[in-house]
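What follows is a short report on a single structure.
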Amino acid sequence: MAMKIMWAAAIFFGGWLFSYLFGRQLVFNFKTAYPMIKKMRAQDKDLIAPGADKYTNISVIVCVVSILIVCFIVVRFCKLYLIISFFVGLISAFVMYLPRLAITERGTFDLFCSAYSRFIPDDELRTAMYERKPKDIRKRIRDMGLDDSIIPTFPG
């Protein structure tokens, strides 16, 4: 019985970690990356390079394929109590991190800036995004004659 509890705890943690790594990235892509790319393109079609879409699409495909493979393996080869433990861990991490993945969260915005700064053709804007300075990003977007409302405001 003790081994069953240890295995259940281990697979619970595995589900939690798996959700943290792949589920969080998948939600980030749909909740942050795609909307920000769309907003940037609405301002100016050349504000962000087309490679950003390809980068995000590949990330989505890798996450979905990984999730499907691991879920299939768990469902196919584990006993019912381990399957339940895995999915409880997966769902608990998902619920825990879902509210933090909005673009209005500073950490999520910084993550977007550092990941997607390489797709910005404008040198000053790319530098401001790489350094994760929202004030400088807003200033540069205004200097380019665009609406800076796509950049969220953070206290401090």
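Not measured: the values here are computed from a predicted model. All residue numbers in this chain count up from 1 along the given sequence.
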Which heavy-atom pair separates [X] from [Y] by the least distance, and what is that distance?
X	Y	answer
Ala49	Arg41	O-NH2, 2.9 Å
Cys113	Arg132	CB-CG, 4.1 Å
Arg118	Arg126	CA-CD, 4.5 Å
Glu105	Phe154	C-CE2, 3.8 Å
Pro152	Pro134	O-CB, 4.5 Å

*Can the positive tip of Arg24 be found less than 6.0 Å from the middle of the six-membered ring of Tyr20, inside 45° of the ring normal?*
yes

Identify every side-chain donor-acceptor pair in residues 9-17 under 3.5 Å, counting partners at least two apart or on other chains, and give the distances.
none

N/O donor to acceptor pairs below 3.5 angstrom from side-chain atoms of residues 78-91, sequence neighbours left out:
| from | atom 1 | to | atom 2 | distance (Å) |
| --- | --- | --- | --- | --- |
| Ser85 | OG | Tyr81 | O | 2.9 |

*Can we say Asp143 and Lys139 salt-bridge, meaning some charged N sits less than 4.0 Å from an Asp/Glu carboxylate O?*
yes

*Tyr116 and Thr56: side chain donor to acceptor below 3.5 Å*: yes

*Which of parallel (below 30°), tilted (30 to 60°) and perpendicular (above 60°) describes Tyr55 and Phe119?*
tilted

*In terms of the angle between their ring planes, are Phe72 and Phe77 parallel, tilted or perpendicular, with boundaries placed at 30° and 60°?*
perpendicular

